[in-house]
> 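Please see the structure below; I have some questions.
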Amino acid sequence: MSRLMFSSRRAPIYADIADEKWNDWRWQMSNRLNSAEDFQKVLTLTDSEIEALNSEGLFRVDITPYYVSLINPEDPNDPIRKQVIPTAGEILPFTGMMEDSLAEDRHSPVPGLVHRYPDRVLMLVTTQCASYCRYCTRSRIVGDPSAQFSRAEFELQLDYLRRTPQVRDVLLSGGDPLTLAPKMLEYLLSALRDIPHIEIIRIGSRVPVFMPQRVTDELCDVLQKFHPLWLNIHVNHPNEISQELEIACDKMTRAGIPLGNQSVLLAGINDCVHIQRQLVHDLVKIRVRPYYLYQCDLVEGAGHFRTPVAKGIEIIEGLRGHTSGYAVPTFVVDAPGGGGKIPVMPNYQISASDHKIILRNYEGYITTYEEPTEYQMHDPKTCSYCRDKRVEPGQSGVFGLLDSEDMFIKPEGFDQLHNRDGSTHRLRSNTEKWKPLGIGESKKEE
Ligand SMILES: *Cc1c(COP(=O)(O)O)cnc(C)c1O
């Protein structure tokens with residue numbers, strides 16, 4: 001490490017802990033804080049936090065000593081505190097609230113495997129995390145120590161992947177895959193690598209943020225045996241970027257792992273263009289590329305973290321053009337009901353004609369782009385890539401309208417609904433009422 005940009009912190013109660021312990025992830029895991037009594041040792045709880053911590057059926061609470069030390073104990077609105085210490089807002093229901101808002105369970109061919117997109121799957125490998133985010137989108141399955149995935153379930157997941165050749169990308173998530181026992185993680189990675197059609201493996205992990213001590217040289221040695229392997233971390237606020245995280249990211253990057261970041265847009269935590277700009281700048285400084293900024297899901301317990309979708313559009317407006325393209329994430333709404341991630345952004349195209357397109361930039365400068373008048377169309381017949389294209393039936397999407405003879409995509413039941421003169425139609429009485437009058441007929445004669 002040539003030059004450290006960020007500082008390190010320890011809450012006063014940990015001042016006397018030996019460095020070997022503090023820097024040992026197992027010590028961090030077994031000394032997590034989870035009760036009002038624990039938290040009172042590092043900060044003064046608010047009434048709202050006490051009410052939540054004493055309520056029944058609360059989503060699991062657990063925070064590593066490292067992560068709790070990043071909280072400013074004087075600030076009841078500290079952005080790190082709000083991510084991990086529950087408040088009374090968490091126990092309030094809201095309109096639109098769902099248990100499984102992304103309908104992941106419905107898209108699971110075998111337990112823990114979510115196959116929503118044509119060529120990639122999400123593989124849930126554990127229910128455990130190093131600490132628990134209060135807005136967790138998988139709180140329905142995460143946190144329960146008695147509901148772990150079994151070896152038999154892993155085998156079912158792997159079997160499905162072995163017989164599903166269109167899957168070229170497997171994303172390990174959970175829970176947090178980097179909390180798995182090292183042997184189990186290595187077993188899964190090597191079983192995946194043995195499947196020839198799996199081209200890339202990805203890991204989504206908040207361990208580097210909650211417990212950077214876990215990113216040891218040994219872990220990096222294991223991970224780099226399974227390249228190409230990509231990893232996304234999850235940082236929401238610049239205060240989470242510590243010296244320890246910087247070192248952990250440096251180790252992973254040196255092991256050849258491209259790093260990205262996924263953030264969630266959270267009210268009262270990072271719903272501000274200036275915080276987001278600082279966050280993305282601090283991320284690229286540690287060679288982490290902002291990947292997604294998520295609209296908060298409609299998940300139970302997360303109502304008080306939600307912002308209007310327009311807040312995300314405003315943030316992208318304040319980033320694109322104002323800062324390095326590398327630093328701008330894609331803002332996405334993960335569609336309730338299981339439609340997958342949908343990007344949402346400001347409009348940059350203002351108008352168009354048959355030979356010109358009118359665009360605006362981030363400054364409001366309006367320009368024209370003259371279209372080519374003699375464009376030689378790409379010829380799919382002479383293109384080997386076009387000839388070899390493989391599309392699973394029903395998966396060509398809106399692009400399929402451009403790429404084939406298909407003329408439309410219709411919602412289910414569309415034809416029946418609009419076939420209004422059919423004698424068996426359920427809206428028959430309505431169609432009769434609206435029957436146009438024939439020539440010579442008049443309304444009075446009916
Ligand atoms: C997010 C997600 C993926 C990966 O999506 P990318 O846009 O490729 O990062 C895959 N499967 C599921 C179910 C997901 O939610």
Side-chain angles (χ1 to χ4, degrees), residues 98-127 129 133 135-142 149 153-154 156-158 160-161 164-178 188-189 192 195 197-206 228-236 257-265 280 283 288-299 302 309 312 316 326 328-345 391-392 394-399:
M98 288 180 268
E99 194 189 13
D100 177 13
S101 83
L102 309 179
E104 291 185 325
D105 296 344
R106 197 148 45 71
H107 284 97
S108 294
V110 294
L113 206 66
V114 187
H115 192 177
R116 157 106 246 328
Y117 295 103
D119 68 340
R120 54 207 190 280
V121 299
L122 172 67
M123 186 171 172
L124 307 179
V125 295
T126 175
T127 57
C129 288
C133 309
Y135 49 86
C136 178
T137 202
R138 290 200 195 99
S139 48
R140 71 186 187 283
I141 48 173
V142 164
F149 289 96
E153 279 164 326
F154 287 147
L156 283 176
Q157 296 180 337
L158 291 166
Y160 177 82
L161 293 173
T164 314
Q166 69 266 38
V167 175
R168 41 160 290 284
D169 172 0
V170 175
L171 165 49
L172 299 185
S173 183
D176 197 314
L178 296 189
L188 282 173
L189 291 171
L192 289 171
I195 305 175
H197 55 264
I198 293 176
E199 297 172 357
I200 65 167
I201 298 175
R202 292 196 258 176
I203 296 177
S205 174
R206 211 178 184 192
L229 183 139
W230 298 58
L231 193 141
N232 267 330
I233 63 172
H234 171 176
V235 182
N236 292 319
I257 306 167
L259 297 180
N261 183 63
Q262 320 202 80
S263 297
V264 182
L265 180 52
V280 296
L283 284 167
V288 175
R289 164 123 214 233
Y291 181 59
Y292 283 143
L293 171 64
Y294 287 94
Q295 174 69 14
C296 189
D297 288 330
L298 291 163
V299 68
V309 172
I316 300 303
Y326 270 133
V328 183
T330 303
F331 175 54
V332 292
V333 179
D334 213 338
K341 298 174 186 76
I342 301 173
V344 185
M345 68 196 83
V391 189
E392 195 185 336
Q395 289 272 275
S396 61
V398 176
F399 178 70

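Both ligands and their constituent atoms are indexed starting at 1 by order of listing.
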> Contact between Arg140 and Arg138 at the side-chain level, heavy atoms closer than 4.5 Å - yes or no?
yes
> Taking the side chain as every heavy atom from C-beta outward, state whether Val167 and His115 have any atom pair closer than 4.5 Å.
yes
> Applying ring pair (Phe, Tyr, Trp, His ring centres under 6.0 Å), can you list everything that pairs with Tyr292, at least two apart in sequence or on another chain?
Tyr294
> Please identify each residue that fulfils side-chain hydrogen bond (donor to acceptor under 3.5 Å, both in side chains) with Gln395, with sequence neighbours left out.
none
> Measuring from each atom of ligand 1, which residues have a heavy atom under 4.0 Å away?
Val114, Arg116, Tyr117, Arg120, Leu122, Leu171, Arg202, Tyr291, Tyr292, Lys341
> Quick one: are Thr137 and Glu104 in side-chain contact, heavy atoms under 4.5 Å?
no
> Quick one: side-chain hydrogen bond (donor to acceptor under 3.5 Å, both in side chains) partners of Asn236, sequence neighbours excluded?
Gln83, Tyr135, His234
